[in-house]
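Worksheet: one structure, shown below.
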Amino acid sequence: NAGVTQTPKFRVLKTGQSMTLLCAQDMNHEYMYWYRQDPGMGLRLIHYSVGEGTTAKGEVPDGYNVSRLKKQNFLLGLESAAPSQTSVYFCASSPTGVRGTSGFGQGTRLTVV
Amino acid sequence: AQKITQTQPGMFVQEKEAVTLDCTYDTSDPSYGLFWYKQPSSGEMIFLIYQGSYDQQNATEGRYSLNFQKARKSANLVISASQLGDSAMYFCAMRGVNQAGTALIFGKGTTLSVSS
């Protein structure tokens, strides 16, 4: 039982390049989320999904796209990376309801130069 | 709008002492959950403790307890008998029934430093 797995763990991009971050969970959770963490800002929600085939915008969605073609996977895409997207990205999943405890991936440290 | 406020950017404590990390929240949801996570320097998010809005008793998990005062909208984390390994960033978070996908909303965090 791996929980939530993110790939890659580290990446350096040049401005304008694209990339996809992959999140996989094996807990059969309905809900999945992508957050970014910046110094002094806590974690902020980028996009989320409440089930296979559904996605929605969170607090800071600009410059990102997501897809959830399979229940266990949630992909975060950067089409044209900008230095402002330098951050640590976390994927999380949770069962339905407010009592469910979220599992988090290990994080991806992305630097855009 | 839902919001989590952590007013202590940094806290310092000596080994074996107790420490309280403050958290206040704002929500209009009738049902919500409050969480604390620990983030050590290695970066992973570690779940510590959960308190439901309808729970009558304060949650406890080993050396961690959550001082839940619903009327004051506070959910402070108490760590008893601090250890060097408790040095980390601590985040208070909330999940509400009407929030976007019941996503966790986080405070900005408190850095705890434990000295010997």
Side-chain angles (χ1 to χ4, degrees), chain A residues 2-6 8-10 23 27 29-61 66 68 74 87-110, chain B residues 1-10 21 23 25 27-55 59 61 66 75 88-111:
Chain A
V4 180
T5 304
Q6 281 179 242
K9 293 184 180 178
F10 302 93
C23 178
M27 296 177 285
H29 285 166
E30 288 294 330
Y31 296 173
M32 295 188 75
Y33 314 91
W34 276 106
Y35 293 90
R36 61 177 289 173
Q37 182 181 15
D38 302 294
M41 299 296 293
L43 278 75
R44 293 181 292 169
L45 183 67
I46 304 171
H47 284 281
Y48 66 97
S49 168
V50 298
E52 182 178 316
T54 74
T55 63
K57 295 179 180 179
E59 179 186 356
V60 288
V66 288
R68 191 157 178 212
F74 195 29
S87 189
V88 178
Y89 292 86
F90 285 97
C91 176
S93 70
S94 72
T96 57
V98 299
R99 297 189 75 90
T101 302
S102 291
F104 280 82
Q106 318 94 301
T108 297
R109 185 172 293 277
L110 174 66
Chain B
Q2 289 85 355
K3 188 177 180 181
I4 293 283
T5 302
Q6 294 180 254
T7 57
Q8 306 155 314
L21 305 185
C23 173
Y25 63 92
T27 183
S28 56
D29 281 343
S31 176
Y32 52 91
L34 295 157
F35 302 77
W36 278 91
Y37 283 85
K38 172 184 179 181
Q39 187 179 45
S41 58
S42 52
E44 70 269 30
M45 296 291 287
I46 301 169
F47 166 73
L48 294 178
I49 195 166
Y50 163 84
Q51 178 83 42
S53 59
Y54 291 117
D55 293 344
E61 291 284 349
L66 199 152
M89 176 78 83
Y90 289 81
F91 290 100
C92 180
M94 176 175 64
R95 165 176 287 137
V97 66
N98 291 321
Q99 284 166 212
T102 67
L104 285 167
I105 292 176
F106 287 84
K108 295 184 177 182
T110 296
T111 300

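As the structure is a computational prediction, the values presented were derived from the model and not from experiment. Order of the sequence lines fixes the chain letters, A, B, ..., with proteins taken first and strands second; residue numbering starts at 1 for each chain. The figures that follow rest on heavy atoms only: side chains count, while hydrogens, waters and symmetry mates do not.
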For A/Arg109, is the CZ atom crowded, meaning more than 12 foreign heavy atoms sit under 6.0 Å from it?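 Check fails, neighbour count at 12 or below.
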
Given heavy-atom pairs under 4.5 angstrom as the criterion, report whether the side chain, backbone, both or neither of A/Leu45 touches chain B.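 Side chain only.
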
Let me know if A/Gln37 has heavy atoms under 4.5 Å from chain B in its side chain, its backbone, both or neither.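 When you check distances to chain B, only side chain atoms of A/Gln37 fall under 4.5 Å.
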
Working to the nearest 0.5 Å, report the span between [atom1] of [X] and [atom2] of [Y].
| X | Y | atom1 | atom2 | value |
| --- | --- | --- | --- | --- |
| B/Lys3 | B/Ile105 | NZ | CD1 | 11.5 Å |
| B/Leu66 | B/Gln51 | CG | CD | 5.0 Å |
| A/Ser102 | A/Met27 | OG | CE | 8.5 Å |

Worksheet entry | Heavy-atom pair with the smallest gap, counting every atom of B/Asp29 and B/Gln2 |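 Where B/Asp29 meets B/Gln2 most closely, the heavy atoms are OD2-NE2, 3.5 Å.
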
For this session: Using the side-chain hydrogen bond (donor to acceptor under 3.5 Å, both in side chains) rule, take A/Gln6 and A/Thr108 through it: C-alpha gap first, then chi angles, then the decisive distance, then the call.
Result: CA-CA 7 Å; A/Gln6 281 179 242; A/Thr108 297; 3.1 Å; yes

Notebook entry, point to check: What about the rings of A/Phe90 and A/Tyr33, do their centers lie closer together than 6.0 Å?
Noted result: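 A/Phe90 vs A/Tyr33: aromatic centres not under 6.0 Å.
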
Requested in this report: Could you tell me which of B/Ser42, B/Ser31, B/Ala103 has the largest number of non-hydrogen atom pairs under 4.5 Å with chain A?
Outcome: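 Result: the option with the highest number of such pairs is B/Ala103.
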
Neighbours of chain A found in residues 32-39 of chain B - heavy atoms under 4.5 Å: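 From residues 32-39 of chain B, the residues near chain A are B/Tyr32, B/Gly33, B/Phe35, B/Tyr37, B/Gln39.
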
